[in-house]
Enquirer: 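One structure, pasted below without further comment.
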Amino acid sequence: MTDHRSPLPKPESRSRLQTAALVIIAAAVVLFLLVQARFMLTSLAVAIIVFSLTSDAISFISRIKAGPLGIPNWLASLAAVLLISTGLFMLSSLILSQINTVLSTTLTYTERVPAAVADLFAWMGPEVETAIADAMRSVDVSGYLRALAGQAGGLMQGTVLVILFVGFLFAERLWFDVKLTSLMGGDPERAAHAQRVIGTIMHRVNYYLLVKTVVSAITGLMVYGVALIFGLELAVAIGVITFVLNYIPNVGSIVATVLATLVTYVQLGEPGPTLGFFLAVGLIQFVNGNIIDPWLMGRALRLSTFGIIVALAFWGSVWGIAGMFLSVPIMVATMIVCSHVPGLRSVAVLLSREGLPDLDTDRKRPLGPAKIIGEAKLPEAKRKTG
């Protein structure tokens, strides 16, 4: 009799299947934890970004000396935490006040929104206009607005958590390099390489945020000026929301333009001025987003546009609006880390714009904000030479 039993899989195949299964399970667990702890993790990510933005400045301030006297590092860190806390509270209060203004005003216009949106499609015929009006009436606009207000209400709680994280990071900053050397098994070369990677990530993220802040502020001011020209009641709120939404790559400017145009049409109720407002704001967004922003950004990011869209969709679905704001910094960090790991270089190639992650300039970059390793070695070298 012949044996019709299928042969057992080879040990190599079984090992690959087990590895693939473990990777899938680990990815599912990580994704679950990212979703469940998104408030804590987004606050931590924002705190790390704020810390990286101010760490170089604090190191510079702590090195300033007036004769024999200098500014202690703890005093510079304490002043930084106080200034950051004040700035974050002021910014959060401004954003919350403008969001509440927009929401409260928009709630009074909710009954006019279906008719206003339907009027925009009147040129397509009365059947289309009626269908769109019925569809808009079926949408619970006030419910969405109240849900958005509830999400915005958590901004102040997140601000408090960010300030706490930043305070702890500044308290630990003196020992980062010592801990990094210990993590690398006491190898100073590996620690220096890891510090270069961290320094490159901080440099590129800081530069991206600086350029984005400048361009977003210019765009918000210009849109505010256009809103004033058209006599809109919510000119300040439209300018602030445009400034905030422009931090979301690609999609944020579109959403800001659509929201501002809809508010304009609901308030004015005339298609002519609304079309003029839309063209003016659209021209501002196009020039600032497609000419000034890339010109200022230069080759600092080198990110794939398609990769940015994918990262925006992924982190937006995992962390919501906060994930959209953090998608580009996370993508920058991922590309730089992968470009320095030989086994993950293919991921960095896919994330980069030209398929050539910039490694040479990264290796020449300074080691980062704190120079504790080098400063700690100076006394030891002097003792040996002495």
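Quick note: residue numbers are just sequence positions, from 1. This is a predicted model, so every value here is computed, not measured.
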Enquirer: Val310 and Leu303: same hydrophobic cluster, using ILVMFWY side-chain contacts below 4.5 Å?
Expert: no
Enquirer: How many angstroms lie between atom OG of Ser85 and atom CE of Met90, to the nearest 0.5 angstrom?
Expert: 12.5 Å
Enquirer: Looking at every non-hydrogen atom in both residues, tell me the closest pair between Ala333 and Ile201 and how far apart they are.
Expert: CB-CG2, 3.8 Å
Enquirer: Would you call Val205 and Pro329 a side-chain contact if the rule is heavy atoms closer than 4.5 Å?
Expert: yes
Enquirer: When you compare the side chains of Thr213 and Tyr247, does any donor N or O come within less than 3.5 Å of an acceptor on the partner?
Expert: yes
Enquirer: Grab the two heavy atoms, one from Ala256 and one from Gln285, that are nearest each other, plus how far apart they are.
Expert: CB-NE2, 4.2 Å
Enquirer: Please step through side chain to side chain contact (heavy atoms under 4.5 Å, CB included) for the pair Val160 and Phe89, ending with a clear verdict.
Expert: CA-CA 8 Å; Val160 174; Phe89 276 124; 4.0 Å; yes
Enquirer: Are Met331 and Ile308 side-chain neighbours, meaning at least one heavy-atom pair lies under 4.5 Å?
Expert: yes
Enquirer: Are Phe39 and Val30 connected into the same hydrophobic cluster when the rule is that any two of I, L, V, M, F, W, Y join if their side-chain heavy atoms are below 4.5 Å apart?
Expert: yes
Enquirer: With the side chain counted from C-beta on, respond yes when Ile84 and Val50 share a heavy-atom pair under 4.5 Å apart, and no when they do not.
Expert: yes
Enquirer: Over all heavy atoms of both residues, which pair between Ser327 and Leu312 is shortest? Give the atoms and the distance, please.
Expert: OG-CD1, 3.7 Å
Enquirer: Taking side chain as C-beta onward, heavy atoms only, is Val332 less than 4.5 Å from Tyr208?
Expert: no
Enquirer: Go through Val223 and Phe243 one step at a time and tell me if the side chain to side chain contact (heavy atoms under 4.5 Å, CB included) criterion holds.
Expert: CA-CA 9 Å; Val223 171; Phe243 166 75; over 6 Å; no
Enquirer: Is there a path of hydrophobic side-chain contacts, each under 4.5 Å between heavy atoms of I, L, V, M, F, W or Y residues, that connects Val347 with Phe306?
Expert: no
Enquirer: Side-chain heavy atoms nearer than 4.5 Å, only ILVMFWY residues, links allowed to pass through others: does that put Leu221 and Leu228 together?
Expert: no
Enquirer: Taking the side chain as every heavy atom from C-beta outward, state whether Tyr224 and Ile238 have any atom pair closer than 4.5 Å.
Expert: no
Enquirer: Under 4.5 Å between any side-chain heavy atoms of Ile49 and Leu326, yes or no?
Expert: yes
Enquirer: Hey, what's the ring geometry for Phe51 with Phe170, parallel, tilted or perpendicular (30° and 60° as the breaks)?
Expert: perpendicular
Enquirer: Within a 6.0 Å radius of atom CZ on Phe314, are there more than 12 heavy atoms belonging to other residues, nucleotides or ligands?
Expert: yes
Enquirer: One pair to check against side chain to side chain contact (heavy atoms under 4.5 Å, CB included): Thr159 and Ile163. What are the steps and the verdict?
Expert: CA-CA 6 Å; Thr159 301; Ile163 292 172; 4.1 Å; yes
Enquirer: Given side chains that start at C-beta, do those of Arg190 and Gln195 come closer than 4.5 Å, heavy atoms only?
Expert: no
Enquirer: Between Val244 and Phe325, which heavy-atom pair has the shortest distance, and what is it?
Expert: O-CE2, 3.1 Å
Enquirer: What residues, two or more places apart in sequence or in another chain, satisfy side chain to side chain contact (heavy atoms under 4.5 Å, CB included) together with Leu41?
Expert: Leu34, Ala37, Trp319
Enquirer: Taking all heavy atoms of Phe165 and all of Ala47, pick out the closest pair and write down the distance.
Expert: CB-CB, 3.3 Å
Enquirer: When rounded to the nearest 0.5 angstrom, what is the spacing between CG in Leu259 and OG1 in Thr242?
Expert: 8.5 Å
Enquirer: Do you know which two heavy atoms are closest between Val349 and Ser352, and how far apart they sit?
Expert: O-OG, 2.9 Å
Enquirer: Please identify which of these residues, Asn246, Asp293, Thr219, meets the side chain to side chain donor-acceptor pair (under 3.5 Å) condition with Asn288.
Expert: Thr219
Enquirer: To the nearest 0.5 Å, what is the distance between NE2 (His203) and CD1 (Ile336)?
Expert: 9.0 Å
Enquirer: Can you tell me how far apart CE (Met335) and OG1 (Thr200) are? Round to the nearest 0.5 Å.
Expert: 10.0 Å
Enquirer: Determine whether Leu262 and Leu275 fall in the same hydrophobic cluster, where Ile, Leu, Val, Met, Phe, Trp and Tyr are linked whenever their side-chain heavy atoms lie under 4.5 Å apart.
Expert: no
Enquirer: When rounded to the nearest 0.5 angstrom, what distance separates CG in Leu283 from OG1 in Thr257?
Expert: 11.0 Å
Enquirer: With a 4.5 Å cut-off on side-chain heavy atoms, are Leu351 and Cys338 touching?
Expert: no
Enquirer: Carefully, step by step, assess Thr274 and Thr261 under the rule side chain to side chain contact (heavy atoms under 4.5 Å, CB included).
Expert: CA-CA 7 Å; Thr274 303; Thr261 304; 3.7 Å; yes
Enquirer: Got a second to check how far Met40's CE is from Leu33's CG, nearest 0.5 Å?
Expert: 13.0 Å
